[in-house]
Peer 1: 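The structure that follows is given in the form of structure tokens.
Since this is a predicted model, take the numbers as computed values, not measurements. We name chains A, B, ... by the order of the sequence lines, and we start the count at 1 in each one.
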Amino acid sequence: MSNSVGIVTAQRAHFDTPLQFNSSAVLPQYDLVYETYGTLNADRSNAILICHALSGHHHVAGSYAEDPKNIGWWDNMIGPGKPIDTDKFFVIGLNNLGGCHGSTGPSSMDPATGKPYGSSFPIVTVEDWVHAQARLADRLGIQQFAAVIGGSLGGMQAMQWSLTYPERVRHVLAIATAPCLTTENIAFNDVARNAILTDPDFHGGDFYQYKVVPTRGLRLARMLGHITYLSDDAMAGKFGRGLRSGEYKYGYDIEFEVESYLRYQGDKFAAYFDANTYLLMTKALDYFDPARHSEHNLARAFAPIKASYLVVSFSSDWRFSPDRSREIVKALLHNRRNVSYAEIQSRHGHDSFLMQDEQYFAVMRNYLNNVAKEAA
Amino acid sequence: MNISIVQARPDFAAIAAWIPQGASVLDLGCGDGALLDYLKNTRQVRGYGVEISDLNILHCIERGVNVIQGNLDEGLSGFESNSFDFVILSQTLQATRHTEALMKEILRVGREGIVSFPNFGYWKNRMQVLLGNMPISRELPYQWYDTPNVHLCTLDDFENLCDTHEVRILARHVITGGKDVEVMPNLRGSVAVYRFKRAE
């Protein structure tokens, strides 16, 4: 494809300075894996950080020489001439702490014990991630990002950047996200966690040493999550009540197309994703709540923000509904920040933020064109 | 470029004349963001637009004008009370469904309101009705069956609404073909612009 960033290589940064987490746990040393696309300009003003969501990672765009089919998860959005234009911006994707794609996480070896961290890996929050990301920015010589961009849990990190480091981010693009999870969302996450925690192969998080994987729990967690990331409409359109064999079998084997699809997705996910990472990610989602220390007044919590915002939501997203994005907009308006808000008509539920859509992409492109002009 | 915008939309010039430097402005139904862009450049306003159309959202973002996508007929619950110096509704009043409720919302959110609309009482409109047809003109360019205008009114009608809803009119500007109209405005004016606030 001509507008791809092409072949990319993951890089690794090692940090020896201990990082204290919100939970007060300390990680004495850690690695972050990341990728970069485009070129950092002379005054280092054109850097964009991409924050990933629950199952994402540092491989955001392009593909690997040794694995050409492994295309970055947001390759439709990022590349030369694409909305996040690598001809104009220096784009960084990283794998967050606690991840399972190369950055230090529960499946990594703890140098202190010579065994995987497992259950001893600290619970990590969005704020902890942002601190770690800031250290990577320091390492790369980036004092201020032109923009920090993320969808869903990634959007929470982007917002947190403007709160924790108001001087270090000029624009936040908060997509399909919320100022905190709804009760219902926390409940979904709890069911997903319970599926993993009660799997006999979980072994309290230390399954690595037993050479087993809590596949059943992880598969269930993913199946549940996947349902909630789609919309009823999208699922009905894709599968309807279609039967694999065309008739009822009166048993519990896979009969409906949607069952087949969900189990396939669950199996695929459970084959590569780490169960502890899944637990950590859902917990980070649950804990995110910047208004918690402001008597649940988001407007007051947003007082430190200096960045300009683009907020984007999707009409069919019921996990991170447009109403939740409007809460963000209202709190920004209260603080007289620059903000634009687009509500994209889409059938694909929460997953819409990863899909190509004319209006969505044009909104992103137009906004970032102005960000690029400032940086030039 | 700025001059051509004001020439194309004489009500913009009248509106801009009332906006002081550095004011905060909410432009309801802001279209492609031209007025906000003009006010930003000439008055350094802190401005936001509200717009429903996908295409206009793109235009506003392209211009670098703050825009919030939303439907005015769902009210202004996304905006805090007294959070703007001016709330503007230019050439949109007649296309809103819940016009009465929106007038109240304008004065909840803004310290002052500015509204412009085509005067249905303009003599050329009256003539067309007298001759048996719904009027079509530069200000009212639609056929009766495809018009977005569901609440057309005359100057007198609007002033009656203000009278009965505790709205105090501070100033009025009536224009025809880019020129001010002083005499018999309800008959001779094609576009009206009003500045108003809550009656204390």
Peer 1: Could you work out, with ring-ring contact (aromatic ring centres under 6.0 Å, His included) as the rule, every residue matching F320(A), not counting sequence neighbours?
Peer 2: H350(A)

Peer 1: What part of V329(A) is in contact with chain B, defined as an atom under 4.5 angstrom from a non-hydrogen atom: side chain, backbone, both or neither?
Peer 2: side chain

Peer 1: Run the ring pair (Phe, Tyr, Trp, His ring centres under 6.0 Å) check on F353(A) and F314(A) step by step: do they pass?
Peer 2: CA-CA 8 Å; F353(A) 87 88; F314(A) 299 89; 7.4 Å; no

Peer 1: For T36(A), which residues count as a side-chain hydrogen bond (donor to acceptor under 3.5 Å, both in side chains) partner, sequence neighbours excluded?
Peer 2: none

Peer 1: Donor-acceptor pairs under 3.5 Å, chain A to chain B, main chain and side chains both?
Peer 2:
unit_1, atom_1, unit_2, atom_2, d
K330(A), NZ, S77(B), O, 2.8
H334(A), ND1, E80(B), OE1, 2.7
H334(A), ND1, E80(B), OE2, 2.9
R337(A), O, Y48(B), OH, 2.5
N338(A), OD1, N66(B), ND2, 2.8
V339(A), N, N66(B), OD1, 3.1
S340(A), OG, V67(B), N, 3.0
Y341(A), N, V67(B), O, 2.7
Y341(A), O, Q69(B), N, 2.9
E343(A), N, Q69(B), OE1, 2.8
Q359(A), NE2, D54(B), O, 3.0
N366(A), ND2, L58(B), O, 3.0
N370(A), ND2, I61(B), O, 2.9
N370(A), ND2, E62(B), O, 3.1

Peer 1: Heavy-atom cut-off 4.5 Å, strictly under: side chain, backbone, both or neither for I68(B) against chain A?
Peer 2: both

Peer 1: Are I344(A) and V312(A) close enough that some pair of their side-chain heavy atoms sits under 4.5 Å apart?
Peer 2: yes

Peer 1: Partners of W74(A) by ring-ring contact (aromatic ring centres under 6.0 Å, His included), sequence neighbours excluded?
Peer 2: none

Peer 1: Answer yes or no: is there a side-chain heavy-atom contact under 4.5 Å between F196(B) and F158(B)?
Peer 2: yes

Peer 1: Are the side chains of F84(B) and V25(B) in contact, using a 4.5 Å heavy-atom criterion?
Peer 2: no

